[in-house]
A.B. asks: 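Below: one structure in structure tokens.
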Amino acid sequence: MLASCLNPSCNASFRYLYDGRMFTVERVVTGPDGRSAERMIEHYWLCETCSMSMKVVVENGVAKTVPIHRQHKAASAAEAAR
Ligand SMILES: [Zn+2]
């Protein structure tokens with residue numbers, strides 16, 4: 001999972017924790033009986049270059065990269081405060 005940058009068009013390999021940015025994503029997975037739920041913590045990594053222009057989101061259980069919209073400064077600040 002952490003072997004390389006999550007950006008599919010980037011082939012940077014994960015080497016150092018201080019290089020790039022780590023994203024921790026919590027997912028709630030429903031059990032086969034439809035009632036029990038389990039929390040799963042997953043880690044994704046973006047290299048230095050990609051982490052400056054994109055971030056990781058999970059949509060429908062699939063982690064993917066989305067561009068950071070730098071023009072929306074207020075939204076970014078609110079996000080960072082979380
Ligand atoms: Zn990258």
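First listed ligand is number 1; within each ligand, the first listed atom is number 1. By convention here, the first residue in the shown sequence is residue 1.
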A.B. asks: Can you tell me how far the CG atom of Leu46 sits from the CG atom of Asp19, to the nearest 0.5 Å?
C.D. replies: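 The distance works out to 11.0 Å.
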
A.B. asks: Where is the tightest heavy-atom contact between His43 and Thr24, given as atom of each residue plus distance?
C.D. replies: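 The answer is ND1-OG1, 3.3 Å.
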
A.B. asks: So, taking the atom named NZ in Lys64 and the one named OH in Tyr44, what distance separates them when rounded to the nearest 0.5 Å?
C.D. replies: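 Between Lys64 NZ and Tyr44 OH, I get 13.0 Å after rounding to 0.5 Å.
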
A.B. asks: State the CD-CD1 distance between Glu26 and Ile41, to the nearest 0.5 angstrom.
C.D. replies: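 One gets 4.0 Å once the value is rounded to the nearest 0.5 Å.
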
A.B. asks: Identify the two heavy atoms, one from Val28 and one from Ala37, that lie closest to each other, and give their separation to 0.1 Å.
C.D. replies: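 Nearest heavy atoms, Val28 then Ala37: CG1-CB, 3.6 Å.
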
A.B. asks: Would you list the protein N, O or S atoms within less than 2.8 Å of the Zn ion (ligand 1), leaving out water?
C.D. replies: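 Per the 2.8 Å query on the Zn ion (ligand 1), atoms found are Cys5 SG, Cys10 SG, Cys47 SG, Cys50 SG.
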
A.B. asks: Quick one: closest heavy-atom pair of Cys47 and Cys5, and the distance?
C.D. replies: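 Heavy atoms of Cys47 and Cys5 come nearest at N-SG, 3.5 Å.
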
